[in-house]
Asker: 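Let me give you the structure first, and then I'll get to my questions.
Residue numbering restarts at 1 for every chain, and letters A, B, ... go by the order of the sequence lines. Scope of the values below: all heavy atoms of this structure, side chains included, with no hydrogens, waters or symmetry mates.
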Number of protein chains: 2
Amino acid sequence: MSAESDAAGRGPYAKGVARRRQIIESAIAEFAERGVDGTSLRTLGDAIGVSHATLRHYFASRDELLIEVYRAHEERDPADGPDARGAVDIMTASADINRAIPGLVRLYATLSADALQEDHAASRDFIRERFAAVREDLAGRIREGQASGRIAADIDPVDAAALVIAASDGLQVQWLLAPDEVDVRRSLSLLERLLPDSPV
Amino acid sequence: MSAESDAAGRGPYAKGVARRRQIIESAIAEFAERGVDGTSLRTLGDAIGVSHATLRHYFASRDELLIEVYRAHEERDPADGPDARGAVDIMTASADINRAIPGLVRLYATLSADALQEDHAASRDFIRERFAAVREDLAGRIREGQASGRIAADIDPVDAAALVIAASDGLQVQWLLAPDEVDVRRSLSLLERLLPDSPV
């Protein structure tokens with residue numbers, strides 16, 4: 001396949017890419033609506049009206065489909081990519097987006113739990129790499145904050161980055177279970193006292 | 001059944017309690033060793049040498065067994081119960097204990113992820129109640145810190161309690177996936193700057 005045929009959206013490969021994408025979009029809609037409980041490739045196929053054989057053609061496993069769905073969701077996340085914002089602000093923005101689609105908070109929790117189990121190498125690699133990449137990104141933002149004097153110099157940037165990610169992940173879980181008692185944004189904003197995003 | 005026969009450990013009920021307890025202990029050992037991946041009541045029975053029928057006699061579902069295992073683990077947690085320690089210190093001590101048994105960190109992650117799905121009412125109730133109880137306990141400790149002037153008065157105790165729990169939960173997940181990069185204790189200790197446990 002040439003880059004040209006891909007860009008032009010022609011040929012069997014481009015059709016396959018489009019169909020794969022369409023399946024991921026259907027899966028996102030399904031997850032957003034009803035979560036991901038016990039979802040096998042087969043039950044998910046039933047839910048989105050795609051045969052099990054077709055699904056198997058595009059995705060090697062349930063894990064692979066879940067990962068692709070989450071990745072597609074993250075790609076459209078405006079909190080993504082480098083910009084000038086601080087670590088807490090960026091995770092708060094990201095959590096805002098996730099909360100609009102509770103099914104994806106559930107999907108992320110499922111991927112994270114799967115990642116800790118022995119038989120889910122694909123989920124483990126995906127979540128491990130995501131954590132490592134986000135820690136690195138946030139640690140860089142924290143170092144910038146230290147360089148500009150906003151953040152205390154004796155805070156380890158990687159320790160603090162892991163803390164911000166953990167807080168954001170954990171708060172979303174608590175919020176899903178008790179939306180009237182847990183306010184993700186308010187709790188996360190406490191971390192700004194530790195890691196000021198803006199000049200104080 | 002009288003309290004006396006229970007206390008004396010006699011009679012069929014007491015035998016049943018002992019057997020149930022023994023199954024939970026075997027399950028803890030199994031989880032500590034190999035995690036909880038895809039564990040159905042049947043596969044767990046195979047692993048600990050208990051017939052599926054026996055397991056069904058003592059536990060209504062896989063979820064119920066997982067909850068009982070986690071509860072048994074928590075009951076022996078010396079971080080449990082009221083004492084004079086601060087919110088961050090108590091969650092740090094609790095996380096220390098969990099990290100000694102990685103299978104239980106996995107079990108907890110599984111329970112939390114299940115709790116977010118539609119078809120796991122037992123896990124949802126257990127995790128929701130656990131979060132609510134721990135938030136209340138930690139918020140009380142934070143209020144005490146505010147009363148004694150250690151903690152800033154303008155911090156909402158419940159927001160801060162949710163933050164500390166989230167940080168502890170999320171850090172344990174990151175640590176399991178990258179034990180050389182993530183230090184739960186060091187990251188959590190950053191929260192002491194926000195919520196000092198001891199007089200500063």
Asker: Just to verify, what does A/Arg193 make a side chain to side chain donor-acceptor pair (under 3.5 Å) with, not counting sequence neighbours?
Answerer: B/Asp154
Asker: When rounded to the nearest 0.5 angstrom, what distance separates CG in B/Leu116 from OG1 in A/Thr110?
Answerer: 7.0 Å
Asker: Find the one option among B/Ser168, B/Ser189, B/Ala178, B/Ala166 whose heavy-atom pairs under 4.5 Å with chain A are most numerous.
Answerer: B/Ala166
Asker: So which of B/Leu195, B/Val173, B/Asp169 has the largest heavy-atom pair count under 4.5 angstrom toward chain A?
Answerer: B/Val173
Asker: Quick check: do A/Val182 and B/Phe131 have side-chain heavy atoms less than 4.5 Å from each other?
Answerer: no
Asker: Over all heavy atoms of both residues, which pair between B/Ala113 and A/Ala113 is shortest? Give the atoms and the distance, please.
Answerer: CB-CB, 3.6 Å
Asker: I need the residue from B/Leu188, B/Ile127, B/Leu194 with the largest number of non-hydrogen atom pairs under 4.5 Å to chain A.
Answerer: B/Leu194
Asker: Can you tell which part of B/Ala152 gets under 4.5 Å to a heavy atom of chain A, answering side chain, backbone, both or neither?
Answerer: side chain
Asker: Heavy-atom pairs under 4.5 Å with chain A: which of B/Asp183, B/Leu177, B/Val164 has the most?
Answerer: B/Leu177
Asker: Would you compute the distance between atom CG of A/Leu171 and atom CG of B/Leu163 and round it to the nearest 0.5 angstrom?
Answerer: 6.0 Å
Asker: If you define the side chain from C-beta out and look only at heavy atoms, does anything of B/Val158 sit under 4.5 Å from A/Glu181?
Answerer: no
Asker: Can you give me every donor-acceptor pair (side chain of residues 20-29 of chain A, partner residue at least two apart or in another chain, under 3.5 Å) with its distance?
Answerer:
from, atom 1, to, atom 2, distance (Å)
A/Arg20, NE, A/Tyr58, O, 3.3
A/Arg20, NH2, A/Glu64, OE2, 3.2
A/Gln22, OE1, A/Arg19, NH1, 3.1
A/Glu25, OE1, A/Arg76, NH2, 3.2
A/Glu25, OE2, A/Arg76, NH2, 2.8
A/Ser26, OG, A/Gln22, O, 3.1

Asker: I'd like to verify something: which residue of A/Ala115, A/Ser112, A/Ala162 has the highest number of heavy-atom pairs under 4.5 Å with chain B?
Answerer: A/Ala162
Asker: Which atom pair, heavy atoms only, marks the closest approach of A/Asp159 to B/Arg186?
Answerer: OD2-NE, 2.7 Å
Asker: How many angstroms lie between atom CZ of A/Arg128 and atom CG of B/Leu176, to the nearest 0.5 angstrom?
Answerer: 10.0 Å
Asker: With rounding to the nearest 0.5 angstrom, report the CG to CG distance, B/Leu191 to A/Leu190.
Answerer: 9.5 Å
Asker: Could you walk me through whether B/Ile165 and A/Gln174 pass the side-chain contact (heavy atoms from CB on, under 4.5 Å) check?
Answerer: CA-CA 9 Å; B/Ile165 297 165; A/Gln174 287 183 64; 3.7 Å; yes
